[in-house]
Number of protein chains: 2
Amino acid sequence: MQPRLKEIAKALGVSTATVSNVLSGKGRVSDETRKLVSEKIREVGYRPGGPGRALRTGRSGVLGLVLPDISNPLFPALAQAIETAAERSGQGILIADSHADPGAQAEALQRMIQRGADGIIIVPCRGTQVSDLPLPAVVIDSASTPGNCVCSDHQRGGQQAVEHLLDLGHRKFALLGQSRRSSVQSDRIAGMQAALAAGAHAETFWLEDGTPDFAELARRGTTAIIATSDLHALTALTRLQDAGLSVPGDVSVIGFDDLSFSARITPGLTTLAQNMPEIAAKAVAHLSLQLESAPLPMARLVPMELVVRGSTGPAPDFPPRKKPSPQQGDVTT
Amino acid sequence: MQPRLKEIAKALGVSTATVSNVLSGKGRVSDETRKLVSEKIREVGYRPGGPGRALRTGRSGVLGLVLPDISNPLFPALAQAIETAAERSGQGILIADSHADPGAQAEALQRMIQRGADGIIIVPCRGTQVSDLPLPAVVIDSASTPGNCVCSDHQRGGQQAVEHLLDLGHRKFALLGQSRRSSVQSDRIAGMQAALAAGAHAETFWLEDGTPDFAELARRGTTAIIATSDLHALTALTRLQDAGLSVPGDVSVIGFDDLSFSARITPGLTTLAQNMPEIAAKAVAHLSLQLESAPLPMARLVPMELVVRGSTGPAPDFPPRKKPSPQQGDVTT
DNA sequence: CTGTTAGCGCCTTCAG
DNA sequence: CTGAAGGCGCTAACAG
């Protein structure tokens, strides 16, 4: 049995309130009894239990995290960042998967409320609007999603990707998305299109319509592929390599999100990373403010960071600036 | 404000006990009042609040999940499976990351207890032994980990990988692990070594000692690489492709865990998948039994499943059985 | 400055 | 068959 407040109090012959006061440091307690009590607390390893405290204070110290798909490979970084940020402020994370289903999402939210979550961080499923929650909530999604929102600046990220490649002399792009209905992907592609300089050309492909023939694209003059996810960039990269083309010698490839594998493949995948710790910290902080009904800071965009690895290089016919050559990584031969 | 039991009772002129009885279906209530009460409950969307119930019953309906590293790419599948299994039995999941640190892990466990978790599912960090928890616990790790345990049959998985490649005529293997101290990886490699037939030869590499030169290995006659994780298999595969070698034409590659990218690269990665739904279901069921202090079923091994994709094929000099040739995926040329 | 008291929301005896 | 009462563990407001 876990030790209880009452037992500590009884063992020391003081009242439970005194022990509680020592714990919280609030009520006035004489130094003597304080020392005595803290000693006992440490001795028996007492920790105030959540449920009792939650009942009394209306605060559980737990935040709900609702995601559309835990198995999405981007999730680990986000969940880890949020867990870390929450832990830092002494809060736990109750997790739920809405399976990209609005009904299940609503149900998950209800359960979070029922379980006493103090606030909710939600990555909503497509086409869903979170509203009328009796709880503070933060939405993490694209900037075009209504509601309180913290997210990466996906559009600017798209621009950064294009600018990087323009600098390397690329003029003919293939833009690669999965689904038009994803506002994150749409934002990224919109940013890319906005950044296209005069003379540059880009064709957009959606994988939901089928996978383009990357080798054929290269043959027709495309020298750079920008995918809205590292997952799709990886698909393109391995298909090109399998067809005997060189990356980045023949075609440069760039992705998004810096997934776990991106640094470990050959060549390393150039990508736009989300600053998850920052997003998580902002989300948790935003929630904390709402909990204290403080004035709400507006939605914040977090910049994405360009991570340059080996998969992007100068366009094939572009005069190199610094590097002597695309430097194909041949070994010992 | 959420509706409370008391308010429902008052609104209907009955006592709180009656409402509670209707909710639980336990105490005897007349059909008439029962219908009246259930109606009202549905009308106002009442759900019994967690904290009050937890305090009274000693059950929170929440399970703790403690992981050594949420950002591990294997985690999403596991977390999702556990969340789904727990949800099915009406339980929530409180998540924590021990950051592979025994101290943090102990602290995380304490917090789960404090927050009122009914039980704990833990993937312990290396060299850690979970003990003396005042709570039911299930350990998910390799079979060589002491304590209650549900896990994949990693050793048998290693055998399956080798057998698959032996069938294809391979005789010279490279075995690839990350760290000797990981018991999951050690089990897998042990299984591989046990399955080696007479005449077959294998060399083992640990990435913690440095990355081997895969192209050089191929040149020296290795025709099959078995990695203990798809992540490392991917590293090998892209390095080989980058060096102009064909997979599986020159070298076959096989991995473990069927990570998100494994099906989406070219060639698709042959791998041994863990049956996460099964593991999760067993873990949750095991916990539920412990909660009812029922007789404990012993630790269970869950078989791994061989998923054959394009990265494995007949050994180069092996007489093909069905396929006419390794079939290099050249396009339209 | 300290200790007693009341009650957070719920469920479970026990009387009515 | 239903209602009243007590208490789970804790803390905030009060009395001593």
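Residue numbering restarts at 1 for every chain, and letters A, B, ... go by the order of the sequence lines.
Atom CZ of B:R34 and atom C1' of D:dT2 are 12 Å apart (whole Å). For the pair B:R59 CZ and C:dC11 P, the interatomic distance rounds to 14 Å; values are reported in whole Å. Rounded to a whole Å, the CD1 atom of A:I8 is 13 Å from the C1' atom of D:dC10. One interatomic measurement links the two molecules: CD of B:E32 to P of D:dT2, which rounds to 9 Å at whole-angstrom precision. If you take CG of B:L12 and P of D:dG3, they are 10 Å apart, rounded to a whole angstrom. Rounded to whole Å, the distance from CG on A:L55 to P on C:dC8 is 9 Å. Taking atom CD of B:E7 as the reference point, atom P of C:dG9 lies 8 Å away to the nearest angstrom. When rounded to the nearest whole Å, the span between CD of B:Q114 and C1' of D:dG9 equals 13 Å.
Residues passing the side chain to side chain donor-acceptor pair (under 3.5 Å) test with A:S186, sequence neighbours excluded: none. Residues forming a side chain to side chain donor-acceptor pair (under 3.5 Å) with B:D257 (at least two apart in sequence, or on another chain): B:R188, B:Q274. A search for side chain to side chain donor-acceptor pair (under 3.5 Å) contacts involving A:S15 returns A:T18, not counting sequence neighbours. Judged as a side chain to side chain donor-acceptor pair (under 3.5 Å), and not counting sequence neighbours, the contacts of B:D118 are B:S60.
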What does nucleotides 11-16 of chain D look like as a protein-contact string, B for base, S for sugar-phosphate only, - for none, at under 4.0 angstrom between heavy atoms? BB----

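Within the 4.0 Å cut-off from OP1 or OP2 of D:dG7, not a single side-chain nitrogen or oxygen of A:K6 is found. The side chain of A:T18 places an N or O atom within less than 4.0 Å of a non-bridging phosphate oxygen (OP1 or OP2) of C:dG3. Here B:T33 reaches the OP1 or OP2 of D:dT2: one of its side-chain N or O atoms lies under 4.0 Å away.
Counting non-hydrogen atoms under 4.0 angstrom, A:G13 reaches nothing in the nucleic acid.
A 6.0 Å sphere centred on CZ of A:R181 holds no more than 12 heavy atoms belonging to other residues, nucleotides or ligands. Heavy atoms from other residues, nucleotides or ligands lying under 6.0 Å from CD of B:Q110 number more than 12.
The salt bridge (charged side-chain N to carboxylate O under 4.0 Å, His left out) pairs that include a residue from residues 97-113 of chain B are A:R47-B:E107, A:E87-B:R111, B:E107-B:R111, where partners are two or more places apart or lie in different chains.
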